[in-house]
Amino acid sequence: MYLTKEEERTLNGEDGETLQKAMEILVALGDIYGADSLIPVKSAQIAGVSYKTIGDAGLEWISDLNGKVKVPSILNPAGMDMQRWQDMGIEPDFAEKQVEVIKAYESLGIRSMCTCTPYYLEGFSATYGDHLAWSESSAVSYANSVIGARTNREGGPSALSAALVGKTANYGYHLDENRVPTVSVTIECELSGSDYGALGYLAGKDVGNRVPIFYMASTPSPDNLKALGAAMAASGAVALYHIEDITPEAQKVGFENPAENIVIERSQIDEVYEEIIGGNDDLECDIAAVGCPHCSADELENIARLLESKSIEKELWVCTSREVAEKNAELVKQIEQSGAKVLCDTCMVVSPATEGHNCMMVNSGKALAYVPGMCKVAAKIGSLEECINKVGGGN
Ligand code: F3S
């Protein structure tokens, strides 16, 4: 891979050990994937934040680094709401370690906003054709597919390296040739709400790590697209998808029909709603969690409307980013009047606080795919209304 003189100096350690390590990671990835050079990135989003997933080894690795990031950089969700972790039942020992992780990232100049929806935040909006180094899989999918920006599905260390160097290796989804669809998916039935998560859960299994183009009868909203991409990235490894006449690249580039077509029928989507993943059919859901990926302002508004004059008897989590919650404080207040908890900086998958429940009702295909394995809690998908009703949100 071609390196400029300045990049070579960094690789040789002349800019310090941290930048040398970062450059070594970028060059190693570039060499493995055949990149021709490094390219500048507009922002970075860094995974490896929840103490539940990185443990002491991860904390030690981050704490050993010195220096400052060169581009706006933000974090993935942490293992707890950084302000109201006690309300979540988080143990003080865990909280202490989680605070240390965030402080270690902050000392590198990274903004301590922990979210999988950086595109809602000031300073992190991306536009068509921008090169990014994002790592959370749903954010990657949204950036590539819905915005038409370009990012690989970075690991925590490679996103952090890109943030420190301000560049990433030019391979994978940064290149036109890897953005062309290789399989099509046809859905002739009408879809709404959580159907997109259920569809993504199914489609991801068939598509794997390929780039699909969808032919759809319905017109999804940006939140529907967010849910579809998140689910496909979890049940499969889809980092980029197109929808004919909807997503920007499909409109601007105009792709040819791939040779292979997958048809998904309404009956298959309905079957996803029937199943309890990771548990018996007679399990009763004792918690519901929505906001995977983190809620937009529109989603908070919809949840507030559905919870009006209702009272939650069990547990209902609504996950979002702190910035979106703060900008929509009135909606948060309305939601919490029902007894639901609006939790920021974290989510139902990366927090240890959901462990110990029997079964979680979710409206997200991604949460359906991850909760059983990562939280050891059975999961069932339903519409937003069903999630609310399941935890006693009647009138
Ligand atoms: Fe975000 Fe957690 Fe879902 S990181 S996409 S809310 S699993």
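Computation of the quantities below employed the complete heavy-atom set of this structure, encompassing side-chain atoms and omitting hydrogens, waters and symmetry-equivalent molecules. In listed order, ligands and their atoms are each counted from 1. Since we're looking at a predicted model, the values are computed, not measured.
Excluding waters, the set of protein N, O or S atoms lying under 2.8 Å from atom 3 (Fe) of ligand 1 comprises C292 SG.
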Contacts under 3.5 angstrom, residues 356-364 side chains, donor-acceptor by atom type, not counting sequence neighbours:
from : atom 1 : to   : atom 2 : distance (Å)
S364 : OG     : C292 : O      : 3.1
S364 : OG     : K366 : N      : 3.1
S364 : OG     : A367 : N      : 2.9

Enumerate donor-acceptor pairs with a distance under 3.5 Å from any side-chain N or O in residues 256-264 to protein atoms, sequence neighbours excluded.
from : atom 1 : to   : atom 2 : distance (Å)
N257 : OD1    : Y215 : OH     : 2.7
E260 : OE1    : R210 : NH1    : 2.7
N261 : OD1    : S184 : OG     : 2.7
N261 : OD1    : T186 : OG1    : 3.0
N261 : ND2    : T186 : OG1    : 3.2

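The hydrophobic cluster around Y2 extends to none of the other residues, as no ILVMFWY side-chain heavy atom falls under 4.5 Å of it.
For the residue pair N302/R305, the side-chain donor-acceptor check at 3.5 Å is satisfied. For the residue pair Y273 and D195, a side-chain donor N or O sits within less than 3.5 Å of a side-chain acceptor on the partner. Counting only N and O atoms by type, the side chains of Q45 and N76 include a donor and acceptor under 3.5 Å apart.
Atoms of ligand 1 found under 4.0 Å from any heavy atom of E136 (numbered from 1 in listed order, with element): 5 (S).
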